[in-house]
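Protein chains get the first letters and strands the later ones, always in sequence-line order, with residue 1 at the start of each. We use all heavy atoms of the structure for the numbers below, so side chains are in, but hydrogens, waters and symmetry mates are not.
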Amino acid sequence: MSLTTQQPPAAAPKNVNRLGLTMADYKGAESTLCAGCGHDAITSQIIKAFYEYGVEPHRVAKLSGIGCSSKTPAYFLSKSHGFNGVHGRMPAIATGVMLANKSLISIGVSGDGDTASIGMGQFVHLLRRNVPMIYIIENNGVYGLTKGQFSATADLGSKAKSGVMNDLPAIDVCTMAIELGCNFVARSFAGDPKQMVALLKAALGHRGTAVFDVISPCVTFNNHEGSTKSYKYAKDHEELLHEISFVPFFEQITVDYSDGETSDVELHDGSHIRLRKTDKGYDPTNKGEALDTLRKCQELNEFLTGLIYINEMKPDFLTLLNMTDEPLATLPQERVQPKEDDLREIMAELM
Amino acid sequence: MSLTTQQPPAAAPKNVNRLGLTMADYKGAESTLCAGCGHDAITSQIIKAFYEYGVEPHRVAKLSGIGCSSKTPAYFLSKSHGFNGVHGRMPAIATGVMLANKSLISIGVSGDGDTASIGMGQFVHLLRRNVPMIYIIENNGVYGLTKGQFSATADLGSKAKSGVMNDLPAIDVCTMAIELGCNFVARSFAGDPKQMVALLKAALGHRGTAVFDVISPCVTFNNHEGSTKSYKYAKDHEELLHEISFVPFFEQITVDYSDGETSDVELHDGSHIRLRKTDKGYDPTNKGEALDTLRKCQELNEFLTGLIYINEMKPDFLTLLNMTDEPLATLPQERVQPKEDDLREIMAELM
Amino acid sequence: MPNQSPQVLVAEEEQRLNGGPVINDFSIQVATVNGSGSQSSNTVLMRSIFQMGIPVSGKNLFPSNIAGLPTWFTIRANRDGWIARRKEIDFLVAMNPETAREDVMNLDPNRVVVYEETLKLDQYRRDLAFFPVPFAKLATEITPDSRLRKLLANMIYVGVVSELLEIDPAETETALTKQFKGKAKAVALNKTALDIGSKFAKQTFDRTVVPYKCQRMNATKGKIIIDGNSAAALGCMFAGVTVATWYPITPSSSLCETLADYMKEYRIEKDGKANFAIVQAEDELAAVGMAIGAGWAGARSMTSTAGPGISLMQEFIGLGYYAEIPTVIFDITRVGPSTGLPTRTQQSDILSLAYASHGDTKHIVLVPASVEECFQMAYDAFDLAERFQTPVFVMSDLDLGMNNWMADPFKYPKEKFDRGKVLSADDLKRLGSFRRYADVDGDGIPYRTLPGTNHPAASYFTRGSGHNENAAYSERPDDYKRNMERLNKKYETARQHVPPPEIQYATGAKIGFLGFGTSHWAIIESLDQLQREYDTSVSYYRLRAVPFTKHLAEFFERHDRVYVVEQNRDGQMGMLIKLELPAELARKLRSIRHYSGIPIDARFVTDALLAAEKGGQN
Amino acid sequence: MPNQSPQVLVAEEEQRLNGGPVINDFSIQVATVNGSGSQSSNTVLMRSIFQMGIPVSGKNLFPSNIAGLPTWFTIRANRDGWIARRKEIDFLVAMNPETAREDVMNLDPNRVVVYEETLKLDQYRRDLAFFPVPFAKLATEITPDSRLRKLLANMIYVGVVSELLEIDPAETETALTKQFKGKAKAVALNKTALDIGSKFAKQTFDRTVVPYKCQRMNATKGKIIIDGNSAAALGCMFAGVTVATWYPITPSSSLCETLADYMKEYRIEKDGKANFAIVQAEDELAAVGMAIGAGWAGARSMTSTAGPGISLMQEFIGLGYYAEIPTVIFDITRVGPSTGLPTRTQQSDILSLAYASHGDTKHIVLVPASVEECFQMAYDAFDLAERFQTPVFVMSDLDLGMNNWMADPFKYPKEKFDRGKVLSADDLKRLGSFRRYADVDGDGIPYRTLPGTNHPAASYFTRGSGHNENAAYSERPDDYKRNMERLNKKYETARQHVPPPEIQYATGAKIGFLGFGTSHWAIIESLDQLQREYDTSVSYYRLRAVPFTKHLAEFFERHDRVYVVEQNRDGQMGMLIKLELPAELARKLRSIRHYSGIPIDARFVTDALLAAEKGGQN
Ligand SMILES: Cc1ncc(C[n+]2csc(CCOP(=O)(O)OP(=O)(O)O)c2C)c(N)n1
Ligand SMILES: Cc1ncc(C[n+]2csc(CCOP(=O)(O)OP(=O)(O)O)c2C)c(N)n1
Ligand code: SF4
Ligand code: SF4
Ligand SMILES: [Mg+2]
Ligand SMILES: [Mg+2]
């Protein structure tokens with residue numbers, strides 16, 4: 001996300017961000033989700049991250065598919081344009097939006113059904129293209145909106161409320177994303193607001209597809225004993241990669257980061273991600289290590305959270321297309337319509 | 001593929017297989033592909049493998065999508081039923097076919113466009129389900145039938161005939177398959193008939209989805225200098241995992257296989273795959289090793305051939321569904337229509 | 001059809017209230033929020049009335065979300081058997097603070113309101129009978145568990161309403177026991193709540209003030225209550241479906257989910273193995289692809305979906321048509337276009353089904369109007385699909401599919417399945433060979449073999465591209481044309497095999513209704529209204545399938561104007577009819593359209609007809 | 001329209017041959033296999049005739065594979081300017097051993113055959129003029145490279161044919177140089193082949209035996225030759241398209257491929273950067289999804305496909321309709337259903353486009369008949385899409401899209417783009433706020449803002465589910481109905497903005513043709529045949545868009561019978577017309593249908609009309 005280059009206001013008043021906006025400016029309509037739904041927790045953290053980062057709301061495009069999760073863009077950033085499309089096809093819409101206006105900051109919210117079931121094909125190709133956007137999967141292992149059927153991320157052996165067991169293996173969207181060349185892959189948990197906000201801000205500093213898989217329990221259909229996507233199970237099986245904090249490009253890096261306990265990753269927009277290693281020691285810029293770690297955790301039925309993989313060197317799709325700097329959407333007629341002489345030349349060729 | 005349990009004829013006459021059929025019994029209509037097309041080479045090896053294995057033609061269902069590759073089921077096994085469906089959706093058809101008649105042996109032929117572009121979603125979910133079938137991808141990096149556009153397996157930096165370079169990374173269907181839990185993943189090259197036949201026979205002995213990615217040069221649109229899917233490039237960059245040979249279940253295992261130079265894998269139907277290690281030493285039953293090896297080769301722009309991954313322990317989809325032994329398609333009315341008393345009981349419940 | 005009551009001269013509603021208690025003719029609306037557990041209470045209430053022998057119907061108007069938004073459940077009791085939606089609410093149970101004011105304001109005068117005391121609804125109107133109940137407080141008497149209390153408040157209103165309507169407490173108890181069958185603790189708890197409600201009402205209110213009463217009658221004996229999706233699921237099961245594939249979508253999900261439940265009960269063989277496969281696919285393209293694959297391989301296969309799924313299935317449907325593969329596709333329609341109103345009802349996929357897919361295509365569509373027909377047509381669809389070797393649609397809708405309907409018990413289908421023209425290995429031994437796409441019998445329907453048939457002549461190659469009679473690839477213009485003309489002939493043959501219409505010629509009637517699906521229930525009640533209130537006889541043609549049968553032209557011939565009643569904006573069934581009829585008959589076609597997402601009601605039909613007839617009759 | 005030649009009394013074809021050489025009126029067919037490189041030779045041959053000032057058209061009949069299967073290229077030269085397909089072949093170039101016998105047997109008597117000597121085709125018929133040529137042998141004279149020899153044999157037949165038809169060698173050479181422009185070696189080699197061919201013919205044959213001759217005339221001066229897809233691509237480029245997304249499919253691929261070529265030439269800015277994005281999507285669902293996303297964000301976006309793609313796009317199209325998002329969708333139609341005959345032509349996606357998607361939907365469809373219209377309508381489609389905020393279809397076909405057509409040079413569009421009702425930040429400053437789906441102007445068309453608009457009131461939320469005028473989520477029946485009625489009004493408004501029909505009232509005519517798209521060319525020639533041969537005047541209505549304009553009813557009013565000529569089995573455009581017209585006019589509709597996959601020809605139309613008129617005129 002190439003962000004504004006505005007400077008921070010000299011002495012920012014309290015309760016406003018560097019743009020002078022309040023948290024309320026980043027809120028949306030009231031949620032109609034079930035009380036306690038993980039998705040609402042994510043919505044709150046999106047609001048917080050965008051507020052703290054100081055994103056200009058009018059530059060944001062909120063995109064989604066269909067599902068409880070896909071409804072949430074209506075619940076944050078009401079000053080941004082939003083587009084709630086059809087089931088599983090948000091990636092195509094997002095691609096079109098970014099082609100039309102590269103100056104936008106796209107944030108997509110999808111569900112596990114929306115992404116990993118019906119949407120798998122488009123998800124794969126979005127990653128392959130590396131379309132710049134934040135892509136959040138609010139992952140609850142079920143189809144919430146259609147009342148609790150298993151999705152393709154439901155874990156092998158997870159029990160439905162009805163007692164039926166899922167006997168197909170889960171699709172791991174993070175592994176998939178890394179394999180497909182995605183250069184920002186993170187995972188978090190709706191019950192961990194702090195980590196989520198740091199990762200969301202990091203995603204804002206990144207340019208390319210930032211995949212953010214968030215375990216987001218469905219309190220109505222998948223929060224019971226036997227479920228592997230419940231609050232309790234997630235808490236019990238979380239495997240934290242690192243403590244993560246975020247230093248935005250407009251803040252001075254003050255702490256010394258040669259300290260062996262932390263490592264720093266510089267993002268595309270000049271912001272920094274600071275990782276305080278847990279006992280494991282983990283290098284999120286190493287693709288092989290990322291994949292191995294994911295695989296190992298999978299085998300142990302643990303779920304890994306943190307910044308799993310990052311690579312700030314890979315060009316995004318719009319860069320590959322070598323497009324002009326201004327948004328295509330609003331180029332004036334003079335620029336996009338060749339001249340009369342051009343047509344004459346073409347016609348002459350065809351005579 | 002759970003195959004016939006027929007015994008081999010005591011003294012089989014020459015030029016017939018254990019069913020008494022000749023190679024001609026496994027041929028199909030004349031090919032209409034371009035002379036020299038890799039797909040035709042694969043067709044020949046399918047004929048050979050099915051002949052040598054002694055598959056009963058009437059038990060085979062040939063399935064495909066749309067493309068030059070997808071036409072080929074018309075060119076082999078004319079005594080088998082064939083179904084050339086719509087573009088990219090062969091997996092769904094195959095799943096339906098196997099549900100209807102589990103005694104069939106399904107062989108699907110697809111292209112890289114058919115599988116990795118339009119068909120990606122269905123391919124992923126076929127693998128997740130582990131539907132028993134042989135799934136061949138005749139991989140030429142282009143859309144042959146629509147005249148040479150890049151497909152999603154075209155390598156980064158590969159040049160089209162027109163000189164245009166592909167600037168998106170290739171999707172590696174083998175990596176994808178292994179990640180998604182596929183338990184038989186092999187890769188070969190249309191220019192290596194011997195390896196292909198051995199792997200095809202191994203696929204016949206396996207139960208579950210057997211993914212077989214075959215680099216199959218398109219002589220018309222992708223066999224030029226600068227292409228990474230040409231005969232020459234493939235030959236120059238092939239990285240052979242092992243010499244492979246196949247011992248069908250109906251043949252005595254005679255050679256001693258404790259010999260350090262070879263290793264043996266027993267397949268579901270009792271056949272054996274014998275791998276003669278190249279200098280590398282490679283264990284195809286180790287998922288991590290398989291993925292690492294693939295990744296390393298990818299980085300070196302080499303392409304790995306051989307049996308990349310195998311796991312004979314995983315149940316296939318039909319087993320998971322706990323279906324009755326006979327084909328559902330032909331169960332008599334008495335078995336599939338509950339009795340009048342059952343309806344009466346149900347009605348009483350609703351009163 | 002219910003008996004027609006004697007003619008009355010003014011609008012019935014006002015009349016009733018002035019002339020003493022109205023017996024067995026009223027509607028109750030429970031306004032609540034979804035996810036609050038009122039569903040069971042409403043079912044108990046509806047069943048209690050049903051068990052008293054009074055014809056009843058229940059319609060749930062719910063939002064497209066999971067919990068916390070306004071939901072209205074309407075029960076209509078009608079001694080004459082009219083079970084269509086009725087616009088007017090007689091008895092409101094106002095449980096939802098958010099909508100309570102609007103709910104009350106919408107009532108006609110002199111209606112009854114039961115409500116949570118603290119909402120103080122009596123401040124809004126003076127012309128209603130208000131019955132405040134301290135639901136929350138009463139619930140605390142039962143349990144300290146706050147979640148449970150919320151649920152039990154729902155059963156308390158059942159007690160209150162039963163008392164006020166004079167429903168036999170024994171019936172309510174029976175209904176309750178049935179609802180929580182096997183869960184003794186739930187039965188006991190809910191029974192307590194029920195009793196608290198009725199006791200409170202008895203002690204606090206004068207029930208004679210309530211002008212609506214239930215009196216035992218005998219119009220429901222031996223009948224069942226079921227929703228259309230369950231009925232269709234039963235039809236599929238008894239049709240011997242073996243492969244069902246689906247992707248969740250409202251309002252169709254419950255069809256395959258119920259099917260799965262029934263199949264686990266009745267279709268597991270002695271050795272514990274299933275003689276069926278039900279697969280939740282990754283999307284609708286896969287669902288229909290699997291169904292087509294299975295149909296090709298010989299299974300009785302099906303899938304079920306709603307509008308968005310039908311749109312996604314278009315390519316595969318064309319393959320099914322052109323390559324001639326049997327499968328059954330249920331479309332439980334909802335409000336379109338696009339996502340539309342996913343929890344509201346409409347009949348607006350007609351064009352999408354009748355001509356589904358690009359190129360020249362035409363399809364068979366069965367259109368059930370009742371739960372009996374959901375059962376029967378689901379059953380028939382499999383025979384038709386295999387007979388005609390083509391995808392067959394069953395077009396139901398949300399109102400029929402997801403609401404509970406009273407019905408006669410379904411009849412056991414005793415005929416042999418029609419598995420269509422399938423040649424076995426023995427047939428081939430006799431015949432020597434076969435040509436897959438040849439019109440041997442002159443009916444346009446070719447013969448097929450199944451994969452796995454053990455005969456050297458059995459195999460053939462199926463494709464969605466051009467083919468000749470031998471199923472060989474062909475681009476020859478004559479092969480193509482011959483094949484397309486045979487497909488057309490097949491469609492013509494189907495006219496004689498699809499369910500014929502039900503026709504009711506009213507003596508002397510110059511005008512007729514043409515209806516289908518759930519519009520039926522409003523139409524028959526409107527017929528009665530027109531007769532009683534306006535002395536107007538109208539004939540009625542209930543269409544049950546596309547393609548149409550020969551009866552259609554006859555009906556138009558015998559009337560001056562035919563009003564096609566449908567629940568969509570564009571008059572889609574009328575469009576199909578226009579295309580089918582000669583112009584001199586098509587000119588008689590008029591259109592009555594209701595498309596707000598709420599089920600159509602009789603008064604709307606009656607008024608629309610009268611307005612149109614007044615407006616100009618040419 | 002070309003000048004009509006004087007009336008003749010008997011069928012022209014036989015006549016011609018008896019009365020001395022036929023000047024500038026014949027058809028050549030080159031029978032070959034695809035992938036053999038004959039395409040350039042055929043283009044050179046066609047261009048040579050064109051350059052002699054003779055009206056000409058070329059049609060390629062090719063198989064759905066890449067190399068080695070029979071292909072026929074037909075050139076029609078006609079002094080009167082008739083460029084529709086003509087069934088009869090006058091001059092056969094038989095290069096394909098596989099079909100040579102059948103090709104020869106299909107000829108009418110007295111026709112001319114040039115063929116590879118070794119095929120010995122003269123054994124099959126005595127009533128043709130045979131010209132054996134040792135192509136293979138002649139080619140060896142040029143090069144020892146066997147692959148090259150095969151290619152050059154093709155240029156040799158151009159030499160032979162040119163000589164026999166008396167085409168000016170200078171023109172052939174010019175055409176050749178143009179064809180291999182910039183490739184000096186290829187020019188030289190091919191020139192040698194050309195010369196060898198003409199020399200051989202000159203030395204070996206008596207060219208006066210050939211009854212067909214080219215004579216210079218002046219009917220093509222200043223004209224261009226182009227295929228419809230390239231013309232459409234140019235239309236898009238000059239309409240300022242910025243985002244084009246596509247998935248390869250015959251016969252539409254060349255549209256976006258050509259667009260990419262032109263854009264790289266004319267739409268790269270001074271700094272080397274592109275002011276457009278062209279993306280090959282992973283499938284059609286993605287292609288249309290990207291186009292819709294881009295349209296929503298304000299780009300002039302488009303995609304291009306054929307029938308199977310249209311089927312796959314149905315869900316997204318419904319979203320575009322209901323959420324009101326502009327984009328342009330080209331459907332270059334081919335033979336359906338399903339994969340059908342992918343390399344043959346048909347007009348059979350009409351219903352799939354006009355009512356695309358589930359629910360109540362109606363769309364704007366533009367129907368070009370000529371390459372000029374491909375250019376112009378491609379251009380117009382962007383204005384209409386943005387004006388009406390909806391997906392707009394351009395329905396071309398394989399015949400128009402992939403074949404070469406003669407045309408006047410395209411006119412530069414000088415108007416300002418119509419970007420529709422888009423509110424800028426300045427507008428919002430003035431207005432204070434806006435309601436996304438309100439019908440402010442009474443034309444059904446609302447206002448929109450683009451994402452990125454820097455004003456606090458700019459944002460709104462787009463969805464395919466129910467919404468009110470403020471774009472807020474709504475399930476209210478009244479909101480839903482109001483919105484759907486506004487969408488209907490918008491469609492009605494569109495009638496005044498789509499391209500009107502071209503109408504030709506023949507004086508005194510009681511009957512009329514109604515045609516559209518490529519059927520046009522057969523119809524205008526048929527009009528001439530009917531006039532000259534049967535003294536029958538017929539009016540002609542060329543439909544250019546759906547929805548129809550007010551002219552339609554008028555045309556039907558003024559005639560007794562209107563024959564809708566179309567290239568599909570089911571008479572799909574006739575169906576749309578029936579639905580639109582009052583019944584008393586609809587009864588006048590008759591249907592002439594050609595659907596074998598081969599382009600329709602004038603004689604077919606003439607014969608069908610005469611048969612129908614004879615058959616009974618009520
Ligand atoms: C084409 C199509 N098929 C099916 C549906 C029905 N549908 C709505 S949401 C949904 C699943 C949502 O699951 P998920 O993406 O996991 O979101 P969640 O509700 O769990 O947040 C489905 C199947 C639809 N809207 N469109
Ligand atoms: C829905 C649909 N879109 C597009 C096409 C056109 N099409 C036919 S084959 C093909 C690509 C085939 O490529 P691949 O699968 O790699 O096969 P190959 O020809 O290279 O063997 C395409 C795009 C189609 N038939 N159907
Ligand atoms: S159903 Fe589940 S996912 Fe949907 S809102 Fe409720 S808790 Fe959240
Ligand atoms: S175009 Fe390519 S893939 Fe197709 S048949 Fe020819 S060589 Fe094979
Ligand atoms: Mg989910
Ligand atoms: Mg390919």
Less than 3.5 Å apart, any donor N or O on the side chain of D40(B) or S31(B) sitting next to an acceptor on the other? yes
Does a donor on one side chain sit under 3.5 Å from an acceptor on the other, for T319(B) and D316(B)? yes
Select one option (side chain, backbone, both, neither) describing which atoms of Y473(C) are under 4.5 Å from chain B's heavy atoms. neither
Classify the side-chain pair R335(B)/N275(C) by whether it contains a donor and acceptor separated by less than 3.5 Å. no
Proximity breakdown for V279(C) and chain B, heavy-atom pairs closer than 4.5 Å: side chain
Do T258(C) and D261(C) have a side chain donor and acceptor closer than 3.5 Å? no
Is it the side chain or the backbone of K221(C) that comes within 4.5 Å of chain B heavy atoms, both, or neither? neither
Within the 3.5 Å criterion, strictly below it, is a donor on S70(B) or S64(B) matched to an acceptor on the partner's side chain? no
Let me know if R128(B) has heavy atoms under 4.5 Å from chain C in its side chain, its backbone, both or neither. neither
Identify which part of L450(C) has an atom lying under 4.5 Å from any heavy atom of chain B, answering side chain, backbone, both or neither. both
Does K27(B) count as lying over the ring of F76(B), i.e. NZ or CZ under 6.0 Å from the six-ring centre, within 45 degrees of the axis? no
Can you see whether F417(C) has R300(C) sitting over its ring - NZ or CZ less than 6.0 Å from the centre and within 45° of the normal? yes
Who wins among M406(C), M237(C), R419(C) for the most heavy-atom pairs under 4.5 Å with chain B? M237(C)
Among the listed options A291(C), G222(C), S301(C), the residue most often paired with chain B at heavy-atom distances under 4.5 Å: G222(C)
Using a strict 4.0 Å threshold on nitrogen-to-oxygen distance, state whether R436(C) and E324(C) make a salt bridge. no
Where does T220(C) contact chain B at under 4.5 Å (heavy atoms): side chain, backbone, both or neither? neither
Which one, Q51(C), E315(C), K223(C), K411(C), leads in non-hydrogen pairs under 4.5 Å with chain B? E315(C)
Could you tell me which portion of P57(B) (side chain, backbone, both or neither) has an atom closer than 4.5 angstrom to a non-hydrogen atom of chain C? neither
Below 4.5 Å, heavy-atom pairs only: which of V86(B), L63(B), T32(B), T95(B) has the largest tally toward chain C? V86(B)
Looking only at the aromatic ring of each residue, does the gap between the centers of F461(C) and F83(B) stay below 6.0 angstrom? no
Heavy-atom proximity to chain C below 4.5 Å, by part of S80(B): backbone
Turns out that what part of E269(C) lies under 4.5 Å from chain B's heavy atoms comes down to side chain
Donor-acceptor pair, distance only, cut-off 3.5 Å: does the side chain of S459(C) make one with the backbone of S78(B)? yes
Heavy-atom contact with chain C under 4.5 Å, split by part of E349(B): both
Name the member of R129(B), K79(B), R89(B) that forms the most heavy-atom pairs with chain C at distances under 4.5 Å. R129(B)
Where does I66(B) contact chain C at under 4.5 Å (heavy atoms): side chain, backbone, both or neither? neither
Heavy-atom pairs under 4.5 Å with chain B, option from A471(C), A281(C), A323(C), G464(C) with the top count: A281(C)
Max heavy-atom pair count under 4.5 Å with chain B, selected residue of G298(C), P456(C), A274(C), A299(C): A274(C)
Between N229(C) and S254(C), do the side chains contain a donor N or O and an acceptor N or O under 3.5 Å apart? yes
Top contributor to chain C interface from I346(B), N101(B), D342(B) [non-hydrogen pairs under 4.5 Å]: I346(B)
Ring centers of Y447(C), F434(C) separated by less than 6.0 Å: no
Judged by modelled atom types alone, do T462(C) and W296(C) share a side-chain donor-acceptor pair under 3.5 Å? yes
Non-hydrogen atoms of chain B under 4.5 Å away: do they reach the side chain of Y322(C), the backbone, both or neither? neither
Selection from V422(C), D271(C), L285(C), I292(C) maximising heavy-atom pairs under 4.5 Å formed with chain B: L285(C)
Side chain, backbone, both or neither: which part of I268(C) has a non-hydrogen atom closer than 4.5 Å to chain B? neither
Please determine, by modelled atom types, if T449(C) and H455(C) share a side-chain donor-acceptor pair under 3.5 angstrom. no
Taking every non-hydrogen pair under 4.5 Å, which of A74(B), A100(B), G85(B), P338(B) racks up the most with chain C? P338(B)
Heavy-atom cut-off 4.5 Å, strictly under: side chain, backbone, both or neither for A348(B) against chain C? backbone
